[in-house]
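Below you'll find the structure, written out as structure tokens, and then a few comments.
Predicted model, so just to flag it, every value in this text is computed and none were measured. Along the sequence shown, residues carry numbers from 1.
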Amino acid sequence: MTQKIRWGIVGLGNIAEKFAQDLSVVKDTELVSVASRSREKAEKFASKYNVKNAYDSYTSLFHCTEVDVIYIATPHTLHAELSIEAMSCGKHILCEKPMAVNASQLKRMIAAAVKNKVFLMEALWSRFLPSIIQTKVLIGNNTIGAVTHMNVDFAFYGMDRPATGRVLNPNLAGGSLLDIGIYPVFLAYLILGKPKNILASANFHSTGIEKQISVIFNYDNAQALLYSGLTSNSEVKAEITGDKGSIILEPRWHHTENLVLNTQGQTERMVVPKLGLGYAHEILEVNACIRSGKLESSLWSHQNSLDLINLLDDIRKISGIVFPFEA
């Protein structure tokens, strides 16, 4: 495929706005269709980003013949249903993280991708950022030796959000873990792999969602201390320590351009620029995979997404996080 990759977006919230901005900085890429349950919202979004087609029906976008790949940016609880419907229409899918609420949903999504022979990837944008790629290279080169400790956090104050909104609503799979805790869990998995065992403890909000959670991943020769919460702002910094040095991903680490490398008593600051707001890198990966006929990414595969959701499921089971629609 040498022509432009034609994108559609389903769900037009804040993250879709950022994604649309970054689509515009990627060459040979065009946003041709958007869909919301609100006609007014769809038309307003389409006008702002010069999009040809605006729909008030997700299904209408799935059947749009001008769209090659769809970015699913709805709340978590709709990811599986919408992705499977779109894939049955022959569309490639980039689905916002977490790709599903639980492993059962994700397995159905992957099965649909295989059946329909379409590309499917979780929109875990941090995986594709130059700063994360560089961190992996440094660790792979044994720059800080064997990793023995990680300390990663991600928290913001969200207790003033409406109880019916996505963040505090258990019926929408709310809580800090799936929304932002997924980032520390992802980084620990990316660097150290699946843990030997997990410790986890959560505090809950009156709506029933988990409002803060602390997690320890235990490995044979390492530990990862992970935290997410909605009760306060945190520094959002990641520190990875080895037996020869350390790497600090400066705030906000999940889309940072700044690394601090400490080795042999020396400190080196590294600037690793990103394209656009940072979403452009996952867009480039999707485009490259589609053009080469790949049905999954080698950087973030179906198995990687399965491993991640299984870890999140394990954390939820240990800490008592259950959503009403799962009970």
Side-chain angles (χ1 to χ4, degrees), residues 1 3-101 109 112-113 116 118-125 128 164-167 169 172-173 179 255 275-291 297:
M1 182 182 291
Q3 70 271 26
K4 286 185 177 181
I5 301 290
R6 302 169 300 176
W7 283 78
I9 298 178
V10 165
L12 304 180
N14 291 334
I15 195 165
E17 293 266 358
K18 296 174 181 177
F19 192 86
Q21 291 176 48
D22 270 14
L23 275 171
S24 68
V25 304
V26 178
K27 292 181 179 179
D28 299 323
T29 303
E30 184 179 9
L31 178 57
V32 298
S33 299
V34 296
S36 170
R37 287 176 170 170
S38 162
R39 165 70 65 179
E40 180 183 1
K41 190 172 187 178
E43 291 180 346
K44 183 178 179 181
F45 194 102
S47 176
K48 181 175 181 179
Y49 294 102
N50 194 29
V51 179
K52 179 180 179 181
N53 305 306
Y55 300 104
D56 59 4
S57 159
Y58 298 154
T59 300
S60 295
L61 190 151
F62 298 157
H63 287 279
C64 177
T65 58
E66 298 175 75
V67 172
D68 301 309
V69 54
I70 297 171
Y71 172 54
I72 305 289
T74 62
H76 317 325
T77 43
L78 293 174
H79 287 177
E81 170 193 337
L82 295 179
S83 295
I84 290 170
E85 182 183 352
M87 287 187 287
S88 72
C89 296
K91 304 304 184 189
H92 303 297
I93 296 295
L94 175 66
C95 183
E96 188 49 50
K97 57 82 195 159
M99 191 147 71
V101 172
M109 295 169 74
N116 293 288
V118 293
F119 178 83
L120 171 67
M121 191 180 85
E122 186 171 19
L124 202 59
W125 66 310
F128 308 96
T164 55
R166 178 180 60 82
V167 173
N169 188 344
L172 296 177
D179 193 50
H255 62 98
L275 180 63
L277 299 172
Y279 299 93
H281 298 282
E282 66 180 356
I283 295 168
L284 286 165
E285 175 68 8
V286 173
N287 287 355
C289 288
I290 291 174
R291 285 197 169 96
S297 166

Practice task
For residues Trp125 and His255, establish whether the separation of their ring centroids is below 6.0 Å.
Solution key: yes
Handout entry: Reported CD1-to-CE distance for the pair Ile70 and Met87, which is rounded to 0.5 angstrom
Key = 10.0 Å
Completion exercise
Looking only at heavy atoms, the pair that brings Val25 and Leu275 closest together is CG2-CG, 4.1 Å
Problem - Heavy-atom closest contact (Ala54 atom, Ala42 atom, distance) - result: CB-O, 3.6 Å
Fill in the blank from the handout: dist Ile72:CD1 -> Glu122:CD (nearest 0.5 Å) comes out at 13.5 Å
Practice task
Go through the side-chain N and O atoms of Glu85 and Thr59 and say whether any donor and acceptor fall under 3.5 Å apart.
Solution key: yes
Problem - Note, Phe119 side chain near Met121 side chain (heavy atom, < 4.5 Å) - result: yes
Handout entry: Spacing of Leu31 atom CG and Asn50 atom CG [to the nearest 0.5 Å]
Key = 9.5 Å
Exercise for the section: Output the distance between atom CD1 (Ile283) and atom CD1 (Ile5), rounded to the nearest 0.5 Å. Expected result: 12.0 Å
Handout entry: From Ile9 atom CD1 to Leu23 atom CG, the distance as rounded to the nearest 0.5 Å
Key = 5.5 Å
Problem - Identified side chain to side chain contact (heavy atoms under 4.5 Å, CB included) partner of Asp56 from the options Arg39, Glu43, Glu40 - result: Arg39
Problem - 4.5 Å side-chain heavy-atom contact, Val34 and Asn53 - result: no
Practice task
For the residue pair Val118 and Lys91, establish whether any side-chain heavy-atom pair is separated by less than 4.5 Å.
Solution key: no
Problem - Non-hydrogen atoms of Ala16 and Tyr71 that approach each other most closely - result: CA-CE2, 4.4 Å
Handout entry: Shortest non-hydrogen separation from Tyr58 to Gly11 and the atoms involved
Key = CE2-N, 4.2 Å
Practice task
Enter the distance from Ser83:OG to Leu94:CG here, rounded to the nearest 0.5 Å.
Solution key: 9.0 Å
Problem - Non-hydrogen side-chain atoms of Glu96 and Phe19 separated by less than 4.5 Å - result: no
Practice task
Decide yes or no on side chain to side chain contact (heavy atoms under 4.5 Å, CB included) for Leu12 and Glu17, but give the supporting numbers first.
Solution key: CA-CA 7 Å; Leu12 304 180; Glu17 293 266 358; over 6 Å; no
Exercise for the section: For the residue pair Asp179 and Arg166, establish whether any side-chain heavy-atom pair is separated by less than 4.5 Å. Expected result: yes
Completion exercise
With Trp7 as partner, the option from Asn287, Asp68, Val67 fulfilling side chain to side chain contact (heavy atoms under 4.5 Å, CB included) is Asn287
Practice task
Taking the side chain as every heavy atom from C-beta outward, state whether Val26 and Asp22 have any pair of such atoms under 4.5 Å apart.
Solution key: no
Practice task
Would you please classify the geometry between the His79 ring and the His76 ring as parallel, tilted or perpendicular, with 30° and 60° separating the classes?
Solution key: perpendicular
Fill in the blank from the handout: All heavy atoms of Met99 vs all of Leu120, minimum pair found to be SD-CD1, 3.8 Å
Practice task
Check whether any side-chain heavy atom of Val10 lies under 4.5 Å from a side-chain heavy atom of Phe62, and answer yes or no.
Solution key: yes
Exercise for the section: Using distance alone, with no hydrogens and no angle criterion, decide if Gln21 and Tyr279 have a side-chain donor and acceptor under 3.5 Å apart. Expected result: no
Practice task
Could you check if a side-chain atom of Ser24 sits within less than 4.5 angstrom of a side-chain atom of Tyr49, using non-hydrogen atoms only?
Solution key: no
Exercise for the section: Over all heavy atoms of both residues, which pair between Ser297 and Cys289 is shortest? Give the atoms and the distance, please. Expected result: CA-SG, 3.9 Å
Problem - Glu30/Lys52 salt bridge by N-O under 4.0 Å criterion - result: no
